[in-house]
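I have placed the structure first, in the form of structure tokens, so that the comments after it can refer back to it.
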There are 2 protein chains.
Amino acid sequence: MSGRRAAILEAATRVIARDGVRGLRVEEIAAEAGVSTSLLYYHFKDRAGLLARTLDFVNSRSEHYTAPEVDADADPRGHLTEMLLLELQDTPLVVETSRVWGELRASAVFQPELREQLNATTARWAEYASELISRAQERGRVAAHVSPDDAADRLCALVEGLSERWLSGSLSLQRARDLLRGGIAAELGEP
Amino acid sequence: MSGRRAAILEAATRVIARDGVRGLRVEEIAAEAGVSTSLLYYHFKDRAGLLARTLDFVNSRSEHYTAPEVDADADPRGHLTEMLLLELQDTPLVVETSRVWGELRASAVFQPELREQLNATTARWAEYASELISRAQERGRVAAHVSPDDAADRLCALVEGLSERWLSGSLSLQRARDLLRGGIAAELGEP
DNA sequence: GATTCCCGACTGAAATTTCAGTCAGCTTCT
DNA sequence: AGAAGCTGACTGAAATTTCAGTCGGGAATC
């Protein structure tokens, strides 16, 4: 596989993160990647295919940048907190991923064919959070009456809601982070 | 001012709710409204202008359909709960408004000029929720340690997050509503 | 020499925008 | 009263722009 293929995916990610999928022109992605438009059709079936692959790419990439410093085994609750707060950071990679993710979520409302990959990632996230909550609960770091699945779903939805509010300028980053910390406390009980 | 202008805005709302702003064609709106495309250019400067006015329109309209049955003075907490649950309903008006609102929120990430109206509505919502929480707190229906502003911001963000997940097929309506009820309990304490 | 990778130049269709002009009704002047 | 002049609402058709997608062929690599 050629390196250009990856370059195209990276370029597409950058362009989507900058302008959204609304006005996405394949010509622009080609320019950003420094290749001809024809090459996009060589590597990907069509515009929709390129889009789908780009979304895959962003998804898989985002599973790696989740690297909290707190050990999951030693302190599951601290690990969860860090993991969630990682989504609310002003670093290029996080911002880029979040903006693209927001577009994917919004697009899926009107394009059911995008939902499968969206749901897969959404579910994986919530499962992981739920698992951490369960483990924390076993160690008494989370109140016993809490339902791990419910709390996990809500916290994930909250993070996404806060992230979108931050990116759309309704909330400062600092406030979003504070709100998330408070939300974790409200959901899991004071630590 | 002619009634056709309003008809166009209503048609545009319907079309955006159905297809999103991505594939928005002015010809389609004209057809939906039963007028010529030229009329859209007569009443609105251009495609972007029409879009902006439509978003205004939806925004102002959404401030009216909030009509819980529970009296705000008698039972502020119940009123808040109903108000938030109103956003998670499978009725045409709610679905239409929510889908368009989602588009507005997502679009504002890339178009700062949309943010002003978005933020105004967002803030008004949170303020109202905060006020209800304060009143409920005075009556001992909400735990004393809760910060009304924080809880209100989080609950609003949670509703939006859940709504988007519901509309994009990541969550059933029933589950979204259950999660919201649980979230209210977690934020405000068991009633 | 065949396969893989890649480009420039095009095409066709679709969508936006412009424009000249119609029509109904309202005002003003005589 | 009625003619003349004016305006806002509206349309059909044509001009313009925008884009996804194609085609034929060139260069590198195996």
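In what follows, every chain begins at residue 1, and chains take the letters A, B, ... in the order their sequences are listed.
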Partner of Phe44(A) under side chain to side chain contact (heavy atoms under 4.5 Å, CB included), chosen from Val26(A), Ile8(A), Thr54(A), Leu39(A): Ile8(A)

task: Would you kindly give the CZ-to-C1' distance between Arg5(B) and dG8(D), to the nearest whole Å?
output: 14 Å

Table of protein N/O atoms under 3.5 Å from nucleotides 17-20 of chain D N/O atoms:
residue : atom : partner  : partner atom : Å
dC19(D) : OP2  : Arg25(A) : NE           : 3.3
dC19(D) : OP2  : Arg25(A) : NH1          : 3.3
dA20(D) : OP1  : Leu24(A) : O            : 3.0
dA20(D) : OP1  : Arg47(A) : NE           : 3.1
dA20(D) : OP2  : Val26(A) : N            : 3.0

Sidechain N-carboxylate O distance under 4.0 Å for Asp150(A), Arg175(B): yes

task: Write down the distance between NZ (Lys45(A)) and P (dG21(D)), rounded to a whole number of angstrom.
output: 8 Å

- line: Rounded to whole Å, the CG-P distance (Leu39(A) to dA28(D)) equals 16 Å

- line: Here the distance between atom C1' of dA9(D) and atom NE2 of His43(B), to the nearest Å, is 6 Å

Joint cluster assignment, Met83(B) & Leu179(B), ILVMFWY side-chain distance < 4.5 Å: yes

message: Less than 4.0 angstrom between a side-chain N/O of Arg4(B) and OP1 or OP2 of dT11(D), yes or no?
response: yes

Glu63(A)-Asn59(A) side chain donor-acceptor pair, cut-off 3.5 Å: no

query: In whole angstroms, how far is the P atom of dA9(D) from the CG atom of Leu40(B)?
result: 14 Å

field: Under 3.5 Å donor-acceptor pair, Ser38(A) side-chain atoms to dG21(D) base atoms
entry: no

message: Nearest whole Å is fine: how far is dA15(C) C1' from Leu50(B) CG?
response: 14 Å

message: Distance check needed: dG12(D) P versus Tyr42(B) OH, whole Å only.
response: 17 Å

field: Whole-Å gap separating P (dT22(D)) and CZ (Phe44(A))
entry: 16 Å

task: Please check if the side chain of Arg177(A) supplies one atom and the backbone of Leu88(A) the other of a donor-acceptor pair under 3.5 Å.
output: yes

task: State plainly whether the residues Arg165(B) and Glu160(A) are in salt-bridge range, i.e. N to O under 4.0 Å.
output: yes

